[in-house]
Amino acid sequence: MARILITSALPYINGVKHLGNLAGSMLPADVYARFQRLRGHDVLYICATDEHGTPAELAAASSDMDVRAYCDEQHDIQKRAGDGFSLSYDYFGRTSNAPNIELTQHFAAVLEEKGLIEERVEHQVFSIDDDRFLPDRYVEGTCPHCGFERARGDQCDNCGRLLEPTDLKEPYSKISGSKNLEVRETAHLHLIQTKMEGKIRAWVDASTEWPSLAKSIAYKWLDEGLRDRSITRDLKWGVPVAKDGVARPGFETKVFYVWFDAPIGYIGATWEWAEANNGDWESWWRTDKGADDVTYVQFMGKDNVAFHTVSFPATILGSEEPWKSVDKLKAFNWLTWYGGKFSTSENRGVFMDQALDILPGDYWRWYLTANAPEGSDSAFTWDHFQSLINKDLADVLGNYVNRVLRFNKSRFEAVVPAGGEWGEHEDWLAGEMDARLKSAAENFEAMEFRKAAGDVRAIWALGNEYLTRAEPWTKFKTDPDAAAIGVRTALNFMTVMAKIAQPVIPNAAATILDALGIAEDERAWPQGEAKTLLTALPTGQSVEPPEVLFKKIEEADIEAWSERFGGAEG
RNA sequence: GGCGAGGUAGCUCAGCUGGUUAGAGCGCACGACUCAUAAUCGUGAGGUCGAGAGUUCAAGUCUCUCCCUCGCCA
């Protein structure tokens with residue numbers, strides 16, 4: 001039994017995430033976590049909301065709420081959305097909670113001891129009327145490049161260029177609108193990443209289990225040269241720049257920048273998990289305390305790769321403490337909305353809460369896994385969604401379950417029938433099943449989710465093929481025993497179909513396994529002799545058809561949803 | 001403008017270190033079956049693998065040039 005630590009990129013606290021975010025980190029991490037649990041491994045799946053930074057403060061302000069209260073509310077909303085999609089986090093923590101604050105301050109102290117953090121004086125915009133500095137998005141003004149009048153302090157939304165707050169012309173405070181601003185000098189802590197370059201490159205070189213997307217991004221950053229970066233901001237909301245509860249002199253009104261504390265949140269959330277479950281977080285994160293046998297797997301969108309392959313490692317490796325660093329890293333491209341971006345303001349795309357409003361989580365889980373943006377960006381379209389759901393879930397899987405159980409109910413009184421002999425059709429099924437099961441397991445293991453879903457679907461299809469060969473409905477007329485072996489094998493195979501479906505569509509799979517009377521502790525990934533697997537159900541066991549597993553998506557649904565969320569015309 | 005990822009059947013995509021008639025699912029056509037959510041099973045038609053040139057006995061698969069799409073950054 002292996003120990004596998006899994007983290008998903010942390011969703012930012014600012015609002016419910018859209019399907020692209022789900023598809024690119026939380027969902028595949030969950031599918032992988034579920035698969036590895038079914039294989040009998042000791043899995044710890046950790047996620048958290050990333051709560052610091054100016055977007056959270058500004059969103060809170062515009063909702064007229066205290067930041068903490070805003071984050072409390074948003075955290076609950078995201079937790080519920082995750083529950084709706086059956087995301088099986090062992091813990092869904094918060095970067096604003098105590099463990100992460102302590103860890104962030106710890107890392108800062110250690111890095112400073114190692115000479116990797118320095119105080120440097122910067123020029124920042126200060127608002128006299130607001131009596132505070134205006135970092136990042138707290139100041140807006142005219143873009144010096146394109147003349148856009150409402151460029152933000154960190155970036156111009158019009159031309160896309162990155163800016164420094166002091167670059168803006170005609171700057172004004174986002175808080176009060178005051179133009180009574182001046183540039184003042186203030187000290188900030190800087191992480192000296194330039195000193196870490198060689199160490200990080202060596203670590204990347206040694207990381208053999210990263211896909212090419214991750215490696216190429218990491219090397220791109222290293223080749224361009226790392227920059228020393230400011231890791232503090234003039235804000236109230238964030239991890240205080242303090243040590244042992246005492247603020248660093250001159251930093252009383254400053255906090256660590258979200259960029260620095262967010263990835264530490266993986267560790268912080270594990271600590272939260274430990275506190276809530278009487279667990280030992282250090283055995284997952286400290287190689288001197290038991291984590292040396294842990295395999296750490298990270299899931300993220302491609303925009304996050306640099307932070308996970310360079311920035312966060314700078315913190316981890318720079319500390320020279322025995323922290324666990326990532327072993328396998330799975331990066332996703334974008335799920336697009338008809339080839340373009342998801343956009344709240346332009347009514348393009350479905351957000352997690354809206355998706356659940358329309359259909360249960362399993363429908364989305366299947367689509368987003370079978371159509372995962374792995375090799376390249378992949379486009380969501382309603383037609384494609386309808387096609388996958390109706391064909392794969394309703395017709396191939398759902399109809400199989402229904403046809404077998406209903407036939408069994410009408411001919412064999414809804415119990416697993418006895419009688420009949422194992423024969424050539426059953427041999428055929430066993431052989432096909434073996435080959436496909438092996439392939440499916442390999443693809444899940446390799447985190448090739450599209451291929452894994454293809455294997456799962458192919459195994460479902462095997463059931464229907466088998467029935468065509470065994471044709472119990474014909475045999476029943478002349479030889480009920482010959483029909484019985486067909487139905488019995490079909491029922492046994494249904495247990496396999498459902499077990500392998502568990503990582504992707506856990507709820508529907510549970511419904512099937514419940515109907516078949518499979519105990520909770522007998523639902524592991526199918527392993528062993530095919531014939532044994534196909535003869536496991538005790539004859540006489542009651543098996544009742546469940547409610548329709550998957551409702552088909554009608555044309556009228558597609559029209560209504562296209563209208564509501566945008567579609568081809570967008 | 002630089003960098004990155006791509007351009008493979010109508011659609012969505014597979015095709016590792018170059019090697020027999022380029023694959024899958026959907027869609028389409030035809031056939032079979034009737035237990036089932038008008039579901040299922042089988043067969044088939046469809047591609048000069050973005051364009052051009054080169055390397056090689058042999059190239060979606062390597063090299064160069066060009067065109068187009070998406071993203072990141074100037």
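Every chain is numbered from 1 and lettered A, B, ... according to where its sequence line falls, protein lines coming before strand lines. Excluded from the calculations below are hydrogen atoms, water molecules and symmetry mates; all remaining heavy atoms, backbone and side chain alike, are included.
- When atom types are taken as modelled, the side chain of A/Gln502 and the backbone of A/Lys499 share a donor-acceptor pair closer than 3.5 angstrom.
- Contact annotation for A/Ala461: backbone-only contact, meaning every heavy-atom pair under 4.0 Å involves sugar-phosphate atoms and none involves a base.
- Base pairing of B/rG54: its partner is B/rC62, meeting the Watson-Crick or G-U wobble criterion (both donor-acceptor distances under 3.5 Å).
- Across all strands, A/Arg469 comes closer than 4.0 Å to no nucleic acid atom at all (heavy-atom distances).
- A glycosidic torsion no more than 90° from 0 defines the syn conformation, and B/rG46 adopts it.
- Residue A/Leu549 is classed as a base contact, given a heavy-atom separation below 4.0 Å to a base.
- Look at the C1' atom in both B/rA53 and B/rA59: the space between them is 14 Å, to the nearest Å.
- At a threshold of 4.0 angstrom between heavy atoms, the contacts of A/Tyr400 with the nucleic acid are absent.
- B/rA24 and B/rC49: their C1' atoms are spaced 16 Å apart (whole Å).
- In the model, A/Glu122 has a side-chain atom that pairs as donor or acceptor with a side-chain atom of A/His190 under 3.5 Å.
- At a threshold of 4.0 angstrom between heavy atoms, the contacts of A/Asn408 with the nucleic acid are absent.
- Stacking between A/Trp473 and the base of B/rC35 is present: ring centres sit under 5.5 Å apart and the planes differ by under 30 degrees.
- Across all strands shown, A/Ser378 has heavy atoms under 4.0 Å from sugar-phosphate atoms exclusively, and none from any base.
- Between B/rG19 and B/rU12, the distance separating the two C1' atoms is 29 Å to the nearest Å.
- Each of A/Arg450 and A/Arg403 has a nearest nucleotide on RNA chain B; the 5'-most of these lies closest to A/Arg450.
- Because its glycosidic torsion is within 90° of 0, B/rG60 is reported here as syn.
- One P atom belongs to B/rU48, the other to B/rC11, and the distance between them is 13 Å to the nearest Å.
- With P as the reference atom, B/rC13 and B/rG6 are 13 Å apart, rounded to whole Å.
- Checking the phosphate oxygens (OP1, OP2) of B/rC35, no side-chain nitrogen or oxygen of A/Lys409 falls inside 4.0 Å.
- Using a 4.0 Å heavy-atom criterion, one finds that A/Lys451 contacts the sugar-phosphate atoms exclusively.
- Looking only at atom types and distance, the side chain of A/Ser86 has a donor-acceptor partner in the side chain of A/Asn507 under 3.5 Å away.
- Counting any heavy atom pair closer than 4.0 Å across all strands shown, A/Lys391 reaches sugar-phosphate atoms only and no base atom.
- Note on A/Arg365 versus A/Asp30: salt bridge recorded, some NZ/NE/NH1/NH2 to OD/OE distance being below 4.0 Å.
- At B/rU37, one or more side-chain N or O atoms of A/Asn402 fall inside 4.0 Å of OP1 or OP2 (strictly under the cut-off).
- Protein atom CG of A/Leu335 is 16 Å distant from nucleotide atom C1' of B/rA5, rounded to whole Å.
- Salt-bridge annotation for A/Lys531 and A/Asp427: absent, with no side-chain N of the basic residue lying under 4.0 Å from a carboxylate O of the acidic one.
- Aromatic rings from A/Trp460 and A/Tyr400 are positioned such that their centres are separated by 6.0 Å or more.
- Comparing A/His384 and A/Asn390, the nucleotide of RNA chain B nearest to each residue sits closer to the 5' end for A/His384.
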